[in-house]
Protein chains: 2
Amino acid sequence: MTENFGDDRDLIAVFKALSNSARLQILQWLKEPEKNFSMQDAADVREVGVCVTLIQNKVGLSQSTVSQYLAELQKTKLVSVTRLGQWTYYKRNEKGIAALAGHIKRNL
Amino acid sequence: MTENFGDDRDLIAVFKALSNSARLQILQWLKEPEKNFSMQDAADVREVGVCVTLIQNKVGLSQSTVSQYLAELQKTKLVSVTRLGQWTYYKRNEKGIAALAGHIKRNL
DNA sequence: AGAGTATATCTGTATTTCCCGATATGTCAA
DNA sequence: TTGACATATCGGGAAATACAGATATACTCT
């Protein structure tokens, strides 16, 4: 059991993270990274994720805002992070998302 | 198909409604009304729901706040309303909640 | 070391949400 | 019709959120 939502506070933080169209949109786009982001080396996009700058260009908000939003999505276990060199790659945390869906179905 | 969440705005409104501990708590309490609320005529509680005053006493917020919160839960189809005489009874909208859970599982 | 790029963090302002008291509306009972 | 009760709506102050720009941090290349 890696996810539990034991505290209501955790669950509320997740709902808050999802209560913003930019954050929700990013989560949707990350379902098909190679389709939604124009990356040069589309090599291991699915594996490692998408870097902040690409997400920023797509969503059209400032760099600082996007960085903060991604951090929020990560704290709530909706995305995961990989640092490689000077880049930070974000991708969906399918385990965390499934855990949320399961919890909602069972306990909401 | 009574529920669809076609627009992202609808989904965001639902997440916003769930992003508050009082509203989330009310939704939980309404899973077992006869257990969580002390009503005199526990006759058709499951059928009709719980009146605003009982919910207000339990949650400990002002009457106006509780009324607004319940309206928000209703607009997002998380609870349903029945007016009987001078009372307004609220109960969980299990269909709406299940529709949300399904949508999240499928599309989030 | 120094410049350039990618990202995170800090600080501040505009907007939104939280929650209240006051007031309006609607129902019931005398 | 008057008064009591249940609920809804209105208006506002305090707190939180949404974003931005400036700056800090970290890595890369020369």
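Below, chains carry the letters A, B, ... as their sequence lines are ordered, and counting in each starts from 1.
Scanning atom types as modelled, no donor and acceptor separated by under 3.5 angstrom connect the side chain of B:Q56 and the base of D:dA6.
Atom pair B:K75:NZ and C:dT17:C1' shows a separation of 14 Å (rounding to whole Å applied). Computed from coordinates, the B:Y90 OH to D:dA6 C1' distance equals 11 Å when rounded to whole Å. Between the P atom of D:dA18 and the CD1 atom of B:I12 lies a distance of 10 Å, rounded to the nearest Å. Following rounding to the nearest Å, B:L70 (CG) and D:dT7 (C1') show an atom-to-atom distance of 10 Å. One interatomic measurement links the two molecules: CG of A:L54 to P of C:dT7, which rounds to 8 Å at whole-angstrom precision. Look at CG on A:L84: it is 16 Å from C1' on C:dT5, rounded to the nearest Å. Per the geometry, CG belonging to B:L24 stands 17 Å off P belonging to C:dT17, to the nearest Å. Per the geometry, CG belonging to B:L61 stands 11 Å off P belonging to C:dG21, to the nearest Å.
Between A:K91 and A:P33, the closest side-chain pair of non-hydrogen atoms is not below 4.5 Å. Counting heavy atoms from C-beta outward, B:W29 and B:V59 have side chains that approach closer than 4.5 Å. Side-chain contact between A:L27 and A:R92 is present, with heavy atoms from C-beta onward closer than 4.5 Å. The side-chain heavy atoms of B:L78 and B:N93, taken from C-beta on, include no pair separated by under 4.5 Å.
In this structure, A:S67 and A:Q86 both approach DNA chain C, and ranking their closest nucleotides by distance from the 5' end singles out A:Q86. Annotation: of the two residues near DNA chain D, A:N20 and A:R83, the 5′-most nearest-nucleotide partner is A:N20. Nearest-nucleotide assignment on DNA chain C puts the 5′-proximal partner with A:V52, out of A:V52 and A:K16. Mapped onto DNA chain D by nearest heavy atom, A:W87 and A:Q63 fall at different nucleotides, with A:Q63 at the one closer to the 5' end.
With C:dT9, D:dA6, C:dT7 as the choices, the nucleotide that has an atom nearest any side-chain atom of A:T53 turns out to be C:dT7. Side-chain atoms of B:S62 lie closest to C:dC20 of the nucleotides D:dC19, C:dC20, C:dC19.
Relative orientation of the A:F5 and A:H103 rings is tilted, given thresholds of 30° and 60° on the angle between their planes.
Applying the 4.0 Å criterion to OP1 and OP2 of C:dA6, one finds that A:T88 has every side-chain N and O outside that range.
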